[in-house]
Colleague: 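One structure, as structure tokens, below. Some questions next.
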Amino acid sequence: MPSNNSKYSQEMREETAKFILENGRSATSVAEELGIDVNTVCRWVRDYRRKHGMPSYAEEKGIVKAKELSDSEQKLKIKELERALKKKEKELQEEKEKVEILKKSLHIFMQA
């Protein structure tokens, strides 16, 4: 957990880690671009993976075998993923509705 006198906010840490994971960028290159120590950024990514139940880098690359989950843990994980999927589907639908509204607005303005 970061101390209160941290140089970087928790939001920046998470956004940086998320950016690295979603875009397939290396922590090293992102750290160099931001002017932050490579080990610091690697720690942010590792912490982000742990916080969000993601496999470690070694597990993801097949260097180390991921630990087996019990049936109850697997069922719990499935429920969590299903909830997250429903939330994302709802967000997607809302965004699609916004796009349709913007299309209609643009059409109206183009006629004027």
Side-chain angles (χ1 to χ4, degrees):
M1 180 172 222
S3 63
N4 290 336
N5 63 357
S6 293
K7 196 173 185 179
Y8 307 103
S9 69
Q10 185 64 30
E11 181 181 11
M12 180 184 175
R13 295 167 189 243
E14 292 216 1
E15 288 298 318
T16 302
K18 185 177 176 183
F19 173 80
I20 290 167
L21 294 170
E22 288 180 353
N23 294 292
R25 299 278 309 274
S26 73
T28 303
S29 66
V30 173
E32 288 173 358
E33 288 176 18
L34 296 174
I36 302 172
D37 183 69
V38 174
N39 293 319
T40 301
V41 175
C42 288
R43 187 177 65 249
W44 294 352
V45 173
R46 184 181 64 240
D47 293 345
Y48 184 89
R49 286 176 181 271
R50 286 180 182 160
K51 181 178 178 182
H52 293 89
M54 299 170 71
S56 70
Y57 177 81
E59 291 169 344
E60 192 174 86
K61 298 299 179 192
I63 299 167
V64 186
K65 186 176 179 183
K67 72 171 187 136
E68 296 286 328
L69 297 177
S70 69
D71 286 345
S72 60
E73 289 174 322
Q74 287 178 349
K75 288 177 184 177
L76 181 62
K77 185 71 174 173
I78 289 170
K79 286 182 182 180
E80 288 174 11
L81 291 170
E82 286 173 341
R83 270 186 256 133
L85 178 61
K86 285 181 184 178
K87 182 180 176 187
K88 291 295 180 186
E89 287 173 339
K90 183 179 178 184
E91 290 173 4
L92 177 61
Q93 185 58 38
E94 290 171 358
E95 292 301 317
K96 284 181 178 180
E97 290 171 5
K98 288 179 188 177
V99 168
E100 287 304 314
I101 291 170
L102 290 172
K103 283 181 181 178
K104 290 176 184 176
S105 299
L106 181 61
H107 183 69
I108 290 169
F109 287 119
M110 294 293 283
Q111 290 179 343

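Note: hydrogens, waters and symmetry copies are ignored here, and every other heavy atom, side chains too, is used.
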Colleague: Below 4.0 angstrom, N of the basic side chain to O of the carboxylate: do Glu80 and Arg83 qualify?
Modeller: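 Not counted as a salt bridge, because no side-chain N and carboxylate O are separated by less than 4.0 Å.
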Colleague: Does the side chain of Leu21 come within less than 4.5 Å of Arg49's, by heavy atoms?
Modeller: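 The answer is yes; the side chains approach within 4.5 Å.
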Colleague: Supply the atom-to-atom distance Glu32 CD to Ser26 OG, rounded to the nearest 0.5 angstrom.
Modeller: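 Those atoms lie 7.5 Å apart.
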Colleague: Decide, yes or no, whether a salt bridge links Glu89 with Lys86 under the criterion of side-chain N to carboxylate O below 4.0 Å.
Modeller: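 Here Glu89 does not pair with Lys86 in a salt bridge, since their nearest N and O are not under 4.0 Å apart.
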Colleague: Quick one: does Arg25's side chain have a donor or acceptor within less than 3.5 Å of a partner on Ile20's backbone?
Modeller: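 Between the backbone of Ile20 and the side chain of Arg25 there is no qualifying donor-acceptor contact (under 3.5 Å).
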Colleague: Rounded to the nearest 0.5 Å, what's the gap from CD on Glu11 to OG1 on Thr16? Could you check?
Modeller: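 Spacing of CD (Glu11) from OG1 (Thr16) equals 10.0 Å.
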Colleague: Do you reckon Met54 sits in the same ILVMFWY cluster as Val30, going by side-chain contacts under 4.5 Å, direct or chained?
Modeller: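 Result: yes, single cluster for both.
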Colleague: So Lys103 and Glu100, salt bridge (Lys or Arg N to Asp or Glu O under 4.0 Å) or not? Walk me through it.
Modeller: CA-CA 5 Å; Lys103 283 181 181 178; Glu100 287 304 314; 3.6 Å; yes
Colleague: Please say yes or no: joined through hydrophobic side-chain contacts below 4.5 Å, possibly via intermediate residues, are Val38 and Trp44 part of one cluster?
Modeller: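 Not linked; separate clusters.
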Colleague: Using 0.5 Å steps for rounding, measure from the CG atom of Leu85 to the NZ atom of Lys88.
Modeller: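 Rounded to the nearest 0.5 Å, the CG-NZ separation comes to 10.5 Å.
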Colleague: About how many Å separate CG of Asp71 and CG of Leu76, when rounded to the nearest 0.5 Å?
Modeller: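 So the gap between those two atoms works out to 12.5 Å.
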Colleague: Can you measure from CG (Leu34) to CE (Met12) and round to the nearest 0.5 angstrom?
Modeller: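 CE of Met12 is found 5.0 Å from CG of Leu34.
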Colleague: Kindly work out whether a path of hydrophobic side-chain contacts (I/L/V/M/F/W/Y, heavy atoms less than 4.5 Å apart) joins Phe19 to Val41.
Modeller: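 Yes, it is one cluster - the side chains of Phe19 and Val41 are joined through contacts under 4.5 Å.
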Colleague: Inspect the surroundings of CD in Glu33 and state if more than 12 heavy atoms from other residues, nucleotides or ligands are less than 6.0 Å away.
Modeller: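 Yes - once you tally the heavy atoms of other residues, nucleotides and ligands closer than 6.0 Å, there are more than 12.
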Colleague: If you define the side chain from C-beta out and look only at heavy atoms, does anything of Asp47 sit under 4.5 Å from Arg13?
Modeller: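 Side chain of Asp47 against side chain of Arg13, heavy atoms only: no contact under 4.5 Å found.
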Colleague: At what distance, to the nearest 0.5 angstrom, does CD of Gln74 lie from NZ of Lys77?
Modeller: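 So the gap between those two atoms works out to 11.5 Å.
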